[in-house]
Amino acid sequence: MSDLDQRGQRIAKLAQLRAAGVDPYPPRCQRSHTAAEALAAFEQAAEGQEVRVCVAGRLISQRLMGKTTFAHLADGSGRIQVMARQDLIGEAAYQAFKELDLADFINVNGKLFRTRTGEVTVLVDSFQLLAKALRPLPEKWHGLRDTETRYRQRYLDLIANEEVRHIFLTRTRIISAIRRFLDARGFIEVETPILQPLYGGAAAQPFTTHHNALDQTLYLRIADELYLKRLIIGGFERVYEIGHNFRNEGISTRHNPEFTAIELYQAYADYNDIMALLEELYAEVAQEVLGSSVLQYQGQLIDLTPPWRRISMRQAILDASGIDILEADTYDKLAAATQAHGLNLGKPANWGKLVEKLFEETVEPSLVQPTYITEFPLDISPLAKKTPADPMFVERFEFFIAGMECGNAFTELNDPLDQRERFQATQQDFKSGEDEAHPLDEDFIIAMEHGMPPTGGLGWGIDRMVMLFTDQASIREVILFPQLRSRD
RNA sequence: GAGCCGUUAGCUCAGUCGGUAGAGCACCUGCCUUUUAAGCAGGGCGUCGUGGGUUCGAGUCCCACACGGCUCACCA
């Protein structure tokens, strides 16, 4: 029987119900208990005390046994069994109960009892159809496996696969734990523009759109950074934003074009303060959400307990490859050194990018336990403050967990003249390469010229954090509706 | 963007060497008053992703395309 046939049968049933005066989509329903509350109420009741409930939910299984029918209802709290008996509700009501279809929403009034096999069950006194379903549910014990259907019709995935539901509940709990952590430390959550006349704060391809009334090109933000710093300049000392960034780039198990990022800025702090804050946050969120600061990711045990390992990029590369970037301190010297080690790193635009490639190739995959990589090359860090000791480097770190780049932070550059030069330098770099020029944000520099306090800033991807906390290998498993190609 | 793999009933899957397309669940009919993957008896599921080609004959072989997955590329 085709899908249309099953759907056709249900539409026919719907017409019969309407003809019999039953509203298959009544506007309101009664409910006294969720499934979980009903079960708890029964357990708490004194022996022999009658517990009457009205529960509501989706019909997910049905066992018709002649004049008795068992079924399970699922609601947001879990599931509960109900039992209908013809001798208790009469032939007409019993017939109507049997004619319910899997996936229909109903509510049920009755008293709770324990069956012979021990399951707490609602003995049906009366029931009401709340919403007729016209299509069947996925198969009941294999669930829904087809990846494409799971992503395109996530509601079916959530209905059929309990562990998927759990992942997204965990995601929500992680995000609210982050908010609690930051709010408790005096951070305020703010909202900055998603539609921006100029994009910045990261080196990424933007999505471009157009505002009709203004007749103006707008970009979907690639980062929050430049707006949040304007707020630091404006006198908010601790701000954060959780929201979507949009990057017009490839899709992979670690990249979705639209992803959730958090950025935070703290005035009168530097990147050392940020490291202390971040490791404390991860450990506390893990403790709160997972009950432990040690977690398992793809077969590896990860210990988030502070303090995390800190190592400079120079030292990490030296340890892994024997190449000292302080000696190979020009593009040509470093290119020669990497070739001598048999590494093919392509032709990046400058020394800093070559350092980064070398790092990604030789160090990154080995960073399983949480690690801060500090002191990045200046020419790939146009928004970070130079290290006092060596102006080729900046006070910046990225942190890595399970071989994955998880986030990025620095002591923020607050020297407006230096900032202008940095923007101009990156534009030079991009002009020589194929990448689009990075726009100089004059308005941002003007803001900084009004004075910006010393500030530490940080950003990380929430999706990758959720992957880590829920042991998922693909970012699509932690985004409710991941980007897929449209079907014709 | 490239390579590899996948796409068969509403769902989960099998389909041998190219020879009339299968199972379980779901669905329909009947029986069944404590089942829970209920059970028993019976029923029919279908554009084998799409379009071409080879062949007497294609789910199966070939080509192209679509969508998905993985890997790579891209990615501060």
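Letters A, B, ... are given to chains in the order of the sequence lines, protein chains preceding strands, and every chain is numbered from 1.
- Taking only side-chain atoms of A:Gln6, from C-beta outward, the nucleotide of B:rG69, B:rA26, B:rU35 with the closest atom is B:rA26.
- Residue contacts shown for A:Thr147 are limited to sugar-phosphate atoms, with no base heavy atom under 4.0 Å away.
- Using a 4.0 Å heavy-atom criterion, one finds that A:Gly143 contacts the sugar-phosphate atoms exclusively.
- Counting any heavy atom pair closer than 4.0 Å across all strands shown, A:Glu119 reaches a base atom.
- For A:Phe70, counting side-chain heavy atoms from C-beta on, the closest listed nucleotide (B:rG68, B:rU35, B:rC75) is B:rU35.
- Here A:Tyr271 and A:Phe410 keep their ring centres 6.0 angstrom or further from each other.
- With both pairing distances under 3.5 Å, B:rU29 is matched to B:rA41 as a Watson-Crick or G-U wobble pair.
- Judged by distance alone, the side chains of A:Thr121 and A:Gln81 do bring a donor and an acceptor atom under 3.5 Å apart.
- Checking B:rU34, B:rC75, B:rG68 against every side-chain atom of A:His255, the shortest atom distance belongs to B:rC75.
- Under 4.0 angstrom from either OP1 or OP2 of B:rG68 there lies at least one side-chain N or O belonging to A:Arg485.
- Residue contacts for A:Gln86: at a heavy-atom cut-off of 4.0 Å it reaches no nucleic acid atom on any strand shown.
- For the pair A:Gly66 and A:Glu398, nearest-nucleotide mapping onto RNA chain B gives the more 5' position to A:Gly66.
- Here the P atom of nucleotide B:rA14 and the CD atom of A:Glu139 are 14 Å apart, to the nearest Å.
- The side chain of A:Arg476 sits closest to B:rG69 out of B:rC25, B:rG69, B:rU34.
- If you check the side chains of A:His341 and A:Thr338, you find no donor sitting under 3.5 Å from an acceptor.
- When rounded to the nearest whole Å, the span between CG of A:Leu226 and C1' of B:rA76 equals 13 Å.
- A donor-acceptor contact closer than 3.5 angstrom links the side chains of A:Ser381 and A:Arg396.
- At a cut-off of 3.5 angstrom, the base of B:rU35 holds at least one donor-acceptor pair with the side chain of A:Thr115.
- The aromatic rings of A:Trp308 and A:Phe399 are tilted relative to each other, their planes meeting at an angle between 30° and 60°.
- Residue A:Arg10 contributes atom CZ, which lies 10 Å from atom C1' of B:rG10 at whole-angstrom precision.
- A donor atom on one side chain and an acceptor atom on the other are not found under 3.5 Å apart for A:Thr374 and A:Arg314.
- Using a 4.0 Å heavy-atom cutoff across all strands shown, A:Leu484 reaches sugar-phosphate atoms only and no base atom.
- Of the candidate nucleotides B:rU12, B:rU35, B:rC27, B:rC27 has the atom lying nearest to any side-chain atom of A:Leu102.
- Taking side-chain N and O atoms only, A:Arg63 has a distance below 4.0 Å to OP1 or OP2 of B:rA38.
- For B:rG68, one of the phosphate oxygens OP1 or OP2 lies less than 4.0 angstrom from a side-chain nitrogen or oxygen of A:Arg152.
- As rounded to whole Å, 13 Å separates atom C1' of B:rU35 from atom CZ of A:Phe97.
- Look at CE on A:Met83: it is 14 Å from C1' on B:rA38, rounded to the nearest Å.
- Nucleic acid contact class of A:Arg254 (heavy atoms, under 4.0 Å, all strands): none.
- Among the nucleotides B:rC13, B:rA76, B:rU34, the one closest to the side chain of A:Met65 is B:rU34.
- The shortest distance between the side-chain N/O atoms of A:Thr149 and the OP1/OP2 oxygens of B:rC11 is not below 4.0 Å.
- Residue A:Glu249 places its side chain closer to B:rC75 than to any other of B:rC75, B:rA76, B:rC28.
- Donor-acceptor pairing under 3.5 Å, judged by distance alone, is absent between the side chain of A:Arg145 and the base of B:rU12.
- The side chain of A:Lys67 sits closest to B:rU33 out of B:rU33, B:rU34, B:rU12.
- For A:Asp146, the listed nucleotide lying nearest its side chain is B:rU12; candidates were B:rC28, B:rG1, B:rU12.
- As judged by a 4.0 angstrom heavy-atom cut-off over every strand, A:Ser474 is placed among residues touching the sugar-phosphate backbone only.
- When heavy atoms are screened at a 4.0 angstrom cut-off, A:Phe113 is found touching base atoms of the nucleic acid.
- Of the side-chain N and O atoms in A:Lys140, none sit less than 4.0 angstrom from OP1 or OP2 of B:rC11.
- One finds a side-chain N or O of A:Lys357 lying less than 4.0 angstrom from the OP1 or OP2 phosphate oxygen of B:rC74.
- A:Glu395 and A:Thr411 are linked by a side-chain donor-acceptor pair at a separation below 3.5 angstrom, with hydrogens and angles left out of the test.
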Verify ring-ring contact (aromatic ring centres under 6.0 Å, His included) between A:Phe400 and A:Phe359, making sure each step is shown before the conclusion.
CA-CA 12 Å; A:Phe400 295 82; A:Phe359 170 80; 5.4 Å; yes

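- Atom CZ of A:Arg247 is separated from atom P of B:rA73 by 19 Å (rounded to the nearest Å).
- Rounded to whole Å, the C1' atom of B:rC27 lies 16 Å from the corresponding atom of B:rU12.
- Here the nucleotide nearest the side chain of A:Glu148, chosen from B:rA73, B:rU12, B:rC67, is B:rC67.
- Residue contacts shown for A:Phe376 are absent, as no nucleic acid heavy atom lies under 4.0 Å away.
- Backbone-only engagement by A:Thr253 is indicated by non-hydrogen atom pairs under 4.0 Å involving sugar-phosphate atoms exclusively.
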